[in-house]
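Read through the structure below, which is laid out as structure tokens, and then see the notes.
In the text below, chain A, chain B and the rest are named by the order of the sequence lines, each starting its count at 1.
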Protein chains: 2
Amino acid sequence: MSTNGNNKISLPVINRLPRYYRTVRKMQHNGVTTVSSSELAGMLGTTASQVRQDFNCFGGFGQQGVGYNVDLLSTELESLLMGGDALSTIVIGTGRLGRAISHFLAFDARGFRLIAAFDQHPDEVGSSFGILTVRNINTLGDYCRRYHPQIAVLCIPEEGAAQLAPTLMDLGIRGFWNFSNYDLPSREGVTIVSVHLGDSLTSLGFRVRESLENNP
Amino acid sequence: MSTNGNNKISLPVINRLPRYYRTVRKMQHNGVTTVSSSELAGMLGTTASQVRQDFNCFGGFGQQGVGYNVDLLSTELESLLMGGDALSTIVIGTGRLGRAISHFLAFDARGFRLIAAFDQHPDEVGSSFGILTVRNINTLGDYCRRYHPQIAVLCIPEEGAAQLAPTLMDLGIRGFWNFSNYDLPSREGVTIVSVHLGDSLTSLGFRVRESLENNP
DNA sequence: TAGATTGTTAATCGATTAACAATC
DNA sequence: TAGATTGTTAATCGATTAACAATC
């Protein structure tokens, strides 16, 4: 069923949904037809309680005494996560990372559709970018006013992101997948998901060093 | 000061440290010499209480009535996060993503040192990889037994990661920066930080669609 | 029916925030 | 000294886990 009326769904729950979906797809692929909350929990390293709580945010699609129908679960999660029209998406920054991410996005779309790529370097502009051509960053405003992209993927350095973010929000961008080091300011109606590679690496370092101290 | 004795530092705290460090560095760069917990909190979108709680995990380096010395804070955080010997690191998978990530790692090392890269494709093997040369994946075991790398960056598909992970742990890898879709099983003494790009993108999609429903 | 497992309410746990005494 | 701000303890909040009645 669709999202359970007023009950706002918490971020921890939302962030677990993709993993549920991945796991259920895998089971479906293996021909499993029914799964209990405790089986799923075991597979995911969580608790049966959590699985049931999470699924119930969207109106129970289990059957008491039996469990969950894998096909149904898969269909529901899929429509929940990537149902409806594809989100039109632009990439800003076509360096190494921008190209890798865009390839990922184009290869495994998950409800997104890449419609343009922008860069500031003259020698990038005009170069091919998958099935697209890299556009000049100074045509970004015109482009957005004409095509109204919904999502922006930021693969540019901090300064560029800081400068561009408010403009992009004003131009109607509703979601950011941010790979820059800049922390975008939140704004009503705009969703921001940041992948801080540097922070992630730094905390890995801290944790490994901590572990090496206890157990060299 | 170094980590406060027995008090285990919680993961939420650890994950906030890199942001503290980034912010403090920026202030240092701007010539700020002293900062209060509430100023820092304002800058980071958190509370003064949290800042003080977090810093106190490492034995207070503030001064009552005055605040925190920016240089000291920067030095302490730096030594905490990337002090000591660099962690020797290998990359597995030299496709688009592997190359982008490695470039990032080499450019902004943060206490890591990239010492080798491996791939399974014959036409990748032997190609240049920054200052390194791509090695054949089937020499991985020998390499690890000889050079004892501490960190592995996984930029390979799920199946490869699933197959390689236990082997790498047996070979003494102490930390994984995992970009595959595979959820590595945890093991005592091994730290895993996963960057699930697909999950991150999927939850962005969910949240944007949710927001579009309320406010098209 | 009896056994199993959900949906849902209640209890627990941990993290965040507030408060305030210590002290610069 | 008075004002400010930390370090630290206590209160709150939210998320996770446990329990159990409903029901397949």
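How far CD of B:Gln53 is from OG1 of B:Thr46: 11.0 Å, rounded to the nearest 0.5 Å. The structure places CD1 of A:Ile192 at 10.0 Å from CG of B:Leu204, a figure rounded to the nearest 0.5 Å. Expressed to the nearest 0.5 Å, how far CG of A:Asp170 lies from OG1 of A:Thr167 amounts to 6.5 Å. Atom-to-atom distance recorded for B:Arg207:CZ and A:Ile14:CD1 is 6.0 Å, nearest 0.5 angstrom.
Ring planes of A:Tyr147 and A:Tyr143: tilted class, angle from 30 to 60°.
One interatomic measurement links the two molecules: CG of B:Leu11 to P of D:dT16, which rounds to 13 Å at whole-angstrom precision. Here C:dG14 presents its C1' atom at 13 Å from CD of B:Gln50, a figure rounded to the nearest Å. The nearest whole Å value for the distance from the CG atom in A:Leu44 to the P atom in D:dT17 is 13 Å. In this structure, CD of B:Gln63 is placed 13 Å from C1' of D:dG7, rounded to the nearest angstrom. A straight line from CZ of A:Phe58 to C1' of C:dG7 spans 15 Å, rounded to a whole angstrom. If you measure from atom CZ of A:Phe55 to atom P of C:dT6, you get 10 Å, rounded to the nearest angstrom. Rounded to a whole Å, the CG atom of A:Leu72 is 15 Å from the P atom of D:dC24. Rounded to whole angstrom, the span from the CG atom of B:Asp54 across to the P atom of D:dT6 amounts to 13 Å.
Taking only side-chain nitrogens and oxygens, B:Arg52 comes nearer than 4.0 Å to OP1 or OP2 of D:dT6. OP1 or OP2 of C:dT16 sits under 4.0 Å from a side-chain N or O of B:Arg16.
The side chain of A:Gln53 has C:dT9 as its nearest neighbour among C:dT9, C:dG7, D:dT8. If you check D:dT17, C:dT6, D:dT5 against the side chain of B:Gln64, the one that comes closest is D:dT5. Checked against C:dT5, C:dT17, C:dA15, the side chain of A:Ser36 finds its nearest nucleotide in C:dT5.
Contacts of A:Ser38 with the nucleic acid, taken as non-hydrogen atoms under 4.0 Å apart, are absent. At the heavy-atom level, B:Tyr68 lies under 4.0 Å from the strands shown only through sugar-phosphate atoms. Within the 4.0 angstrom heavy-atom criterion, base atoms lie near B:Ser49.
A donor-acceptor contact closer than 3.5 angstrom links the side chains of B:Ser38 and B:Ser36.
Pairs of Watson-Crick or G-U wobble type, with distances under 3.5 Å, assemble into runs of 3 or more in DNA chain D at these ranges: C:3-24 with D:3-24.
Mapped onto DNA chain D by nearest heavy atom, A:Val66 and B:Ser37 fall at different nucleotides, with B:Ser37 at the one closer to the 5' end.
Remark: A:Tyr68 engages A:Phe55 in a ring pair (Phe, Tyr, Trp, His ring centres under 6.0 Å) (not counting sequence neighbours).
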